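These notes concern the structure reproduced below.
Hydrogens, waters and symmetry mates play no part in the numbers below; they use all other heavy atoms, side chains included. In listed order, ligands and their atoms are each counted from 1. Keep in mind it's a predicted model, so treat the numbers as computed, not measured.
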Amino acid sequence: MTVSADPKELLELATRLAAEAGRVLVEERPRDLGVASTKSSPTDIVTVMDQRTEKLIVEGILAARPDDGILGEEGANLEGTSGVRWVIDPIDGTVNYLYEIPAWCVSIGVEIDGETVAGVVEIPALGETFTALRGHGAWRNGEPIRAYSAQSEGKPVPLERALVATGFGYAAQRRAVQGALVAELLPRVRDIRRAGSAAIDLCSVACGRVDGYFERGTNPWDIAAGALIVEEAGGKVGGLRGAAASVAMTVAAAPGLFEALCGFLEVREADQDS
Ligand code: LIP
């Protein structure tokens with residue numbers, strides 16, 4: 001499809017809307033915020049602020065680009081005719097937002113003909129805005145970032161020296177399997193971190209705040225922007241055995257560690273329900 005869309009302009013709109021959503025989430029958070037509804041399990045929660053900020057972002061997109069498609073975690077699902085699709089997580093890290101733990105963000109990825117070309121992850125509580133444009137780089141607050149931690153000095157980090165982020169699903173049976181996997185990994189790495197937001201975990205890989213990340217069960221809106229940010233920061237993102245990142249498994253790390261982490265996960269068939 002011939003698309004009349006400039007990725008730079010798409011990123012500018014996404015960044016503006018993510019910033020506005022972040023402002024509302026901070027300044028207008030109800031003091032008595034509670035759980036408005038649940039999804040896949042009693043702990044997979046939605047707040048009125050998830051719903052409100054998804055609506056704000058969708059309205060902002062359609063006001064500027066009425067023919068675009070939209071997929072949002074809280075139900076937005078428009079086909080569109082322009083070839084441009086917006087993939088939105090209005091609050092990634094909803095449980096953290098409910099508990100007033102800083103690790104939550106607004107994530108917006110923008111696709112042209114199915115390929116993500118622009119992404120923004122806005123982390124208000126940390127004052128960080130991560131952005132990326134395909135083929136042009138990734139930035140934190142406008143400064144270029146690379147997917148290497150300071151102590152790695154740009155060299156591949158061996159698994160045993162890696163700080164690895166991960167996350168867990170909401171279903172008890174899946175969590176039991178994920179917990180057993182982490183127990184096997186823990187003695188093989190520097191340490192594990194569980195932030196509670198896939199988008200933040202991916203941005204942490206992209207700026208070297210962690211060395212790697214993996215998670216089974218992420219949704220498209222969790223990873224759309226963060227995956228591009230990692231790739232444009234020189235990292236690799238994918239599933240196991242050469243697959244694309246998906247709900248089955250998302251792995252992200254700089255080259256070298258990416259392959260080592262995938263190897264550990266592949267022999268344990270970590271992308272399957274055992
Ligand atoms: C979160 C993911 C995270 C996962 C959490 C949760 P949400 O998304 O970003 O990776 O480990 O359990 O699913 O539900 O906060 O949008």
Side-chain angles (χ1 to χ4, degrees), residues 18 21-22 25 29 33-55 57 71-77 86-109 119-126 128 130 164-179 181-182 185 192-206 209-210 212-230 237 239 245-253 261 265 270-271:
L25 287 164
R29 183 187 190 283
L33 182 69
V35 175
S37 60
T38 59
K39 294 183 283 193
S40 63
S41 82
T43 53
D44 184 1
I45 62 164
V46 183
T47 73
V48 292
M49 296 306 281
D50 294 83
Q51 295 162 335
R52 179 177 166 191
T53 42
E54 180 162 303
K55 182 171 181 291
I57 295 167
L71 175 66
E73 177 173 17
E74 306 316 336
N77 193 357
W86 300 70
V87 184
I88 304 165
D89 194 336
I91 308 177
D92 190 44
T94 296
V95 171
N96 289 341
Y97 183 72
L98 179 69
Y99 279 75
E100 298 190 82
I101 297 170
W104 57 270
C105 64
V106 179
S107 177
I108 303 176
V120 56
V121 174
E122 177 79 15
I123 313 175
L126 303 182
E128 293 183 326
F130 287 86
V164 178
T166 191
F168 308 116
Y170 288 109
Q173 187 175 354
R174 168 73 61 83
R175 293 167 72 81
V177 173
Q178 292 174 316
L181 183 68
V182 166
L185 181 64
I192 294 289
R193 293 290 184 269
R194 196 296 196 243
S197 162
I200 290 179
D201 287 332
L202 289 164
C203 290
S204 293
V205 170
R209 202 151 47 193
V210 297
Y213 162 73
F214 73 96
E215 184 167 355
R216 173 168 167 72
T218 55
N219 289 299
W221 44 77
D222 293 323
I223 66 171
L228 179 66
I229 292 166
V230 171
V237 181
S246 73
V247 66
M249 181 60 71
T250 295
V251 183
L261 201 44
L265 296 167
D271 57 347

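Interface of Gly167 with ligand 1, defined as ligand atoms under 4.0 Å from a residue heavy atom, comprises 11 (O). Ligand-side atoms of ligand 1 in range of Ala198: 2 (C), 3 (C), 9 (O), 10 (O), range being under 4.0 angstrom from any heavy atom. The contact set between ligand 1 and Asp222, taken as ligand atoms under 4.0 Å from a residue heavy atom, comprises 8 (O), 9 (O), 16 (O). Atom numbering of ligand 1 starts at 1 in the shown order; those under 4.0 Å from a heavy atom of Arg194 are 4 (C), 5 (C), 11 (O), 12 (O). Less than 4.0 angstrom separates some heavy atom of Glu73 from each of these atoms of ligand 1: 14 (O), 16 (O). The ligand atoms of ligand 1 that sit less than 4.0 angstrom from a heavy atom of Ile91 are 16 (O). For ligand 1 and Thr94, the ligand atoms under 4.0 Å from any heavy atom of the residue are 15 (O).
Ranked by closest heavy atom to atom 4 (C) of ligand 1, the top entry among Glu215, Arg175, Gln178 is Glu215. Comparing Tyr170, Phe168, Trp104, Trp221 against atom 13 (O) of ligand 1, the shortest heavy-atom distance belongs to Tyr170.
Of all protein heavy atoms, the one closest to atom 9 (O) of ligand 1 is Asp92 OD1, 2.6 Å.
Residues Thr53 and Pro90 share a closest heavy-atom pair of OG1-CB, 3.5 Å. Nearest heavy-atom pair across Val106 and Gly22 is CG2-N, 4.2 Å. Taking all atoms of both residues into account, the shortest heavy-atom contact from Cys105 to Ile200 is SG-CG1, 3.8 Å.
Not close to ligand 1: Asp50, with no non-hydrogen atom less than 4.0 angstrom away.
Remark: the Thr218 side chain and the Asp222 side chain contain no N/O donor-acceptor pair separated by less than 3.5 Å. There is no side-chain donor-acceptor pair under 3.5 Å between Ser204 and Asp201.
A salt bridge links Lys39 to Glu73: one of the charged nitrogens lies within less than 4.0 Å of a carboxylate oxygen. Ion pairing of Glu128 with Arg209 is present here, as a side-chain N (NZ or NE/NH1/NH2) and a carboxylate O approach within less than 4.0 Å.
Ile192 CD1 to Leu185 CG: the interatomic distance, rounded to the nearest 0.5 Å, is 4.5 Å. To the nearest 0.5 Å, atom OG of residue Ser197 and atom CD1 of residue Ile91 are 11.0 Å apart.
For ligand 1, none of its N or O atoms has an N or O atom of Ala199 under 3.5 Å away. Considering backbone and side-chain atoms together, Thr218 places no N or O closer than 3.5 Å to any N or O of ligand 1. Backbone and side-chain nitrogen or oxygen atoms of Asp201 are examined, and none is located within less than 3.5 angstrom of a nitrogen or oxygen of ligand 1.
Contacts between Asp89 and ligand 1 below 4.0 angstrom, taking non-hydrogen atoms only, involve the side chain exclusively.
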